[in-house]
Amino acid sequence: VDHYRNGDPIEHIPHRSQMYNLATGAWIYSFDRSYNGYIYGKLYNWSAVNDPRGLAPVGFHIPTQEEWQTLIDYLGGYEVAGGALKEQGTYGWRSPNTGVTNSSGFTARGGGGGGSGFPGEGYVGCWWTATEKDNINAWGIYMETYGKYISMRYESKKIVMSVRCIKD
(Lines give C-alpha, C1' and ligand atoms only; values in the text may rest on other atoms or scores of the structure.)
Protein backbone atom coordinates (compact mmCIF):
# COMPACT_ATOMS: atom_id res chain seq x y z
CA VAL A 1 0.00 0.00 0.00
CA ASP A 2 1.08 3.57 -0.47
CA HIS A 3 -1.71 5.23 1.56
CA TYR A 4 -2.75 4.88 5.17
CA ARG A 5 -6.20 3.54 6.01
CA ASN A 6 -7.57 7.09 6.22
CA GLY A 7 -6.35 7.93 2.69
CA ASP A 8 -3.27 9.98 3.62
CA PRO A 9 -0.27 9.12 1.43
CA ILE A 10 2.73 7.29 2.85
CA GLU A 11 5.89 9.02 1.69
CA HIS A 12 7.94 7.21 -0.95
CA ILE A 13 11.67 7.64 -0.38
CA PRO A 14 13.69 6.94 -3.53
CA HIS A 15 16.92 5.85 -1.79
CA ARG A 16 17.33 3.55 1.20
CA SER A 17 20.05 5.72 2.74
CA GLN A 18 17.46 8.47 3.30
CA MET A 19 15.21 6.20 5.40
CA TYR A 20 17.30 5.70 8.52
CA ASN A 21 16.67 8.90 10.41
CA LEU A 22 13.07 9.50 9.41
CA ALA A 23 10.60 9.98 12.24
CA THR A 24 7.67 9.72 9.83
CA GLY A 25 6.26 6.76 7.93
CA ALA A 26 7.78 5.97 4.55
CA TRP A 27 8.37 3.16 2.09
CA ILE A 28 10.90 2.18 -0.57
CA TYR A 29 11.24 -0.46 -3.23
CA SER A 30 13.64 -3.28 -2.56
CA PHE A 31 17.10 -2.00 -3.47
CA ASP A 32 15.57 1.23 -4.77
CA ARG A 33 14.40 -0.52 -7.96
CA SER A 34 10.79 0.18 -8.91
CA TYR A 35 10.46 -3.08 -10.86
CA ASN A 36 11.05 -4.92 -7.56
CA GLY A 37 7.64 -3.65 -6.46
CA TYR A 38 5.99 -6.12 -8.83
CA ILE A 39 7.90 -9.05 -7.38
CA TYR A 40 8.41 -8.18 -3.71
CA GLY A 41 6.09 -5.31 -2.85
CA LYS A 42 7.26 -2.38 -0.76
CA LEU A 43 9.53 -2.14 2.29
CA TYR A 44 8.35 0.07 5.18
CA ASN A 45 10.01 1.75 8.11
CA TRP A 46 8.68 1.18 11.63
CA SER A 47 7.06 4.62 11.69
CA ALA A 48 4.74 3.55 8.85
CA VAL A 49 3.94 0.23 10.54
CA ASN A 50 3.19 1.90 13.87
CA ASP A 51 1.35 4.97 12.51
CA PRO A 52 -2.07 5.47 14.18
CA ARG A 53 -3.66 6.10 10.75
CA GLY A 54 -3.18 2.40 10.05
CA LEU A 55 -0.98 0.77 7.43
CA ALA A 56 -3.24 -2.27 7.06
CA PRO A 57 -6.48 -1.89 5.10
CA VAL A 58 -9.84 -1.87 6.91
CA GLY A 59 -10.61 -5.36 8.21
CA PHE A 60 -6.92 -6.36 8.44
CA HIS A 61 -4.02 -5.78 10.81
CA ILE A 62 -0.29 -6.34 11.00
CA PRO A 63 0.29 -9.50 13.04
CA THR A 64 1.86 -9.28 16.47
CA GLN A 65 4.85 -11.27 17.62
CA GLU A 66 2.44 -13.64 19.37
CA GLU A 67 0.38 -14.20 16.20
CA TRP A 68 3.54 -15.00 14.21
CA GLN A 69 4.61 -17.39 16.99
CA THR A 70 1.25 -19.19 16.77
CA LEU A 71 1.74 -19.61 13.01
CA ILE A 72 5.32 -20.84 13.41
CA ASP A 73 4.25 -23.35 16.06
CA TYR A 74 1.35 -24.56 13.92
CA LEU A 75 3.71 -25.14 10.97
CA GLY A 76 6.12 -27.25 13.04
CA GLY A 77 8.49 -24.76 14.66
CA TYR A 78 11.47 -22.65 13.70
CA GLU A 79 13.38 -25.45 11.97
CA VAL A 80 10.73 -26.09 9.28
CA ALA A 81 8.10 -23.31 9.25
CA GLY A 82 10.03 -21.20 6.74
CA GLY A 83 9.75 -24.00 4.18
CA ALA A 84 5.98 -24.08 4.63
CA LEU A 85 5.79 -20.29 4.16
CA LYS A 86 8.26 -19.67 1.31
CA GLU A 87 7.41 -19.61 -2.37
CA GLN A 88 8.90 -22.56 -4.24
CA GLY A 89 11.41 -22.09 -7.03
CA THR A 90 13.66 -19.17 -7.80
CA TYR A 91 11.27 -16.42 -8.90
CA GLY A 92 11.07 -14.82 -5.45
CA TRP A 93 14.22 -16.42 -4.01
CA ARG A 94 17.76 -17.05 -5.19
CA SER A 95 18.98 -20.59 -5.68
CA PRO A 96 19.07 -23.00 -3.91
CA ASN A 97 15.81 -22.25 -1.96
CA THR A 98 15.84 -25.81 -0.63
CA GLY A 99 13.33 -27.57 1.62
CA VAL A 100 10.47 -25.37 0.46
CA THR A 101 6.87 -26.57 0.05
CA ASN A 102 4.76 -23.41 0.48
CA SER A 103 2.23 -25.81 2.02
CA SER A 104 0.68 -22.90 3.94
CA GLY A 105 -0.03 -20.92 0.74
CA PHE A 106 1.70 -17.88 2.26
CA THR A 107 4.08 -17.57 -0.72
CA ALA A 108 6.77 -15.58 1.10
CA ARG A 109 9.33 -13.94 -1.18
CA GLY A 110 12.80 -12.70 -0.35
CA GLY A 111 12.31 -8.96 -0.75
CA GLY A 112 15.41 -7.98 1.17
CA GLY A 113 15.13 -5.28 3.79
CA GLY A 114 17.09 -4.30 6.84
CA GLY A 115 19.96 -1.86 6.78
CA SER A 116 22.45 -0.84 4.11
CA GLY A 117 24.59 -3.96 4.58
CA PHE A 118 21.66 -6.38 4.36
CA PRO A 119 21.68 -9.08 1.67
CA GLY A 120 19.84 -8.29 -1.52
CA GLU A 121 16.48 -9.32 -2.79
CA GLY A 122 16.06 -13.04 -3.18
CA TYR A 123 18.53 -13.85 -0.41
CA VAL A 124 16.52 -12.80 2.65
CA GLY A 125 12.97 -11.84 3.43
CA CYS A 126 12.01 -9.96 6.57
CA TRP A 127 8.64 -8.83 7.88
CA TRP A 128 7.71 -6.46 10.68
CA THR A 129 5.51 -7.64 13.50
CA ALA A 130 3.28 -5.12 15.25
CA THR A 131 5.21 -5.67 18.49
CA GLU A 132 7.75 -3.24 19.90
CA LYS A 133 10.59 -4.51 22.03
CA ASP A 134 11.51 -1.09 23.41
CA ASN A 135 11.96 2.52 22.24
CA ILE A 136 14.73 1.53 19.82
CA ASN A 137 13.74 -1.93 18.52
CA ALA A 138 10.77 -3.90 17.24
CA TRP A 139 10.30 -7.59 16.41
CA GLY A 140 10.72 -8.99 12.92
CA ILE A 141 10.50 -12.32 11.12
CA TYR A 142 13.34 -13.58 8.90
CA MET A 143 13.70 -16.25 6.23
CA GLU A 144 16.68 -16.89 3.99
CA THR A 145 17.15 -18.61 0.66
CA TYR A 146 19.28 -21.30 2.29
CA GLY A 147 16.88 -23.70 3.96
CA LYS A 148 13.48 -23.95 5.50
CA TYR A 149 14.06 -22.36 8.89
CA ILE A 150 12.57 -19.11 10.12
CA SER A 151 13.73 -16.79 12.88
CA MET A 152 12.20 -14.06 14.99
CA ARG A 153 14.41 -11.34 16.39
CA TYR A 154 14.33 -7.68 17.22
CA GLU A 155 15.90 -5.04 15.02
CA SER A 156 16.33 -1.30 14.99
CA LYS A 157 13.19 0.62 14.10
CA LYS A 158 15.35 2.56 11.61
CA ILE A 159 15.59 -0.30 9.12
CA VAL A 160 13.03 -1.34 6.50
CA MET A 161 11.08 -4.57 6.18
CA SER A 162 8.16 -6.04 4.30
CA VAL A 163 4.71 -6.29 5.87
CA ARG A 164 2.05 -8.99 5.63
CA CYS A 165 -1.44 -8.31 6.91
CA ILE A 166 -3.92 -10.77 8.36
CA LYS A 167 -7.68 -10.59 8.48
CA ASP A 168 -9.23 -9.30 11.72
Side-chain angles (χ1 to χ4, degrees), residues 1-72 81-82 85-87 91-94 106-145 150-168:
V1 299
D2 55 10
H3 287 78
Y4 291 108
R5 187 179 296 175
N6 72 351
D8 290 346
I10 304 169
E11 185 177 9
H12 172 223
I13 302 297
H15 301 289
R16 177 187 300 240
S17 63
Q18 299 168 328
M19 293 285 284
Y20 299 122
N21 293 315
L22 284 181
T24 58
W27 63 270
I28 63 169
Y29 290 116
S30 179
F31 279 77
D32 306 328
R33 300 177 188 128
S34 61
Y35 63 83
N36 278 338
Y38 298 107
I39 302 168
Y40 303 110
K42 295 174 174 65
L43 302 174
Y44 300 90
N45 65 4
W46 174 255
S47 295
V49 171
N50 195 43
D51 194 286
R53 293 172 286 184
L55 183 64
V58 173
F60 291 83
H61 67 277
I62 297 164
T64 64
Q65 178 186 17
E66 292 79 20
E67 288 171 314
W68 272 101
Q69 186 65 57
T70 298
L71 178 62
I72 292 166
L85 292 166
K86 288 169 57 181
E87 179 179 47
Y91 178 72
W93 293 95
R94 304 288 174 135
F106 190 87
T107 316
R109 293 181 174 169
S116 61
F118 233 67
E121 66 274 356
Y123 290 103
V124 66
C126 46
W127 293 263
W128 285 115
T129 76
T131 306
E132 286 183 283
K133 180 184 183 302
D134 53 37
N135 289 335
I136 298 169
N137 302 295
W139 290 94
I141 302 298
Y142 293 83
M143 293 177 236
E144 296 180 19
T145 191
I150 188 171
S151 63
M152 185 184 311
R153 62 182 185 252
Y154 61 87
E155 291 284 356
S156 169
K157 293 178 184 177
K158 293 182 178 188
I159 68 170
V160 294
M161 294 191 199
S162 297
V163 171
R164 286 296 281 265
C165 301
I166 59 173
K167 198 166 190 168
D168 293 341

Please evaluate residues M143 and V124 with respect to the criterion side-chain contact (heavy atoms from CB on, under 4.5 Å), reporting the C-alpha separation (whole Å), side-chain torsions for both, the decisive distance (0.1 Å), and the verdict. CA-CA 6 Å; M143 293 177 236; V124 66; over 6 Å; no
Would you name the heavy atoms of K157 and N137 that are closest together and state the gap between them? CE-O, 3.3 Å
Is it the case that more than 12 heavy atoms not belonging to N135 sit under 6.0 Å from its CG atom? no
Let me see the working for K158 and N45 under side-chain contact (heavy atoms from CB on, under 4.5 Å), right down to the final yes or no. CA-CA 6 Å; K158 293 182 178 188; N45 65 4; over 6 Å; no
Do R109 side-chain atoms and I39 backbone N/O form a donor-acceptor pair below 3.5 Å? yes
List the steps, then state whether side-chain contact (heavy atoms from CB on, under 4.5 Å) holds for T131 with E66. CA-CA 8 Å; T131 306; E66 292 79 20; 3.9 Å; yes
Are the aromatic rings of Y91 and W93 close, with centres under 6.0 Å apart? no
Could you report the tightest heavy-atom contact between P63 and R164, atom names first, then the distance? CD-O, 2.9 Å
Exam field: side chain Y154 to backbone D134, donor-acceptor pair closer than 3.5 Å: no
Inter-residue atom distance L85.CG - I150.CD1, 0.5 Å rounding: 5.0 Å
Please report the shortest heavy-atom distance between K42 and V1, naming the atom on each side. CD-O, 3.4 Å
Which atom names give the shortest non-hydrogen contact between S34 and Y29, and what distance separates them? CA-CD1, 3.4 Å
Among W128, Y20, W139, W27, find the residue that satisfies the ring-ring contact (aromatic ring centres under 6.0 Å, His included) test when tested with W46. W128
So, taking the atom named CD1 in I166 and the one named NE2 in H61, what distance separates them when rounded to the nearest 0.5 Å? 3.5 Å
When rounded to the nearest 0.5 Å, the distance separating CD1 of I141 from CD of Q65 is 7.5 Å
If you compare all heavy atoms of T64 against all heavy atoms of T129, which two are closest, and at what distance to 0.1 Å? C-CB, 3.9 Å
Tell me whether K133 contacts the main-chain N or O of S156 through its side chain, where contact means a donor paired with an acceptor under 3.5 Å. no
How far apart are the closest heavy atoms of D168 and F60, and which atoms are they? OD1-C, 3.2 Å
Nearest 0.5 Å, please: how far is CD1 in I28 from CG in L43? 5.0 Å
Any donor and acceptor pair, going by atom type alone, linking the side chain of N6 with main-chain N or O of G54 inside 3.5 Å? no
Do K86 side-chain atoms and E144 backbone N/O form a donor-acceptor pair below 3.5 Å? yes
Output, in order, the C-alpha distance, side-chain angles, deciding distance and verdict of side-chain contact (heavy atoms from CB on, under 4.5 Å) for D8 and D51. CA-CA 11 Å; D8 290 346; D51 194 286; over 6 Å; no
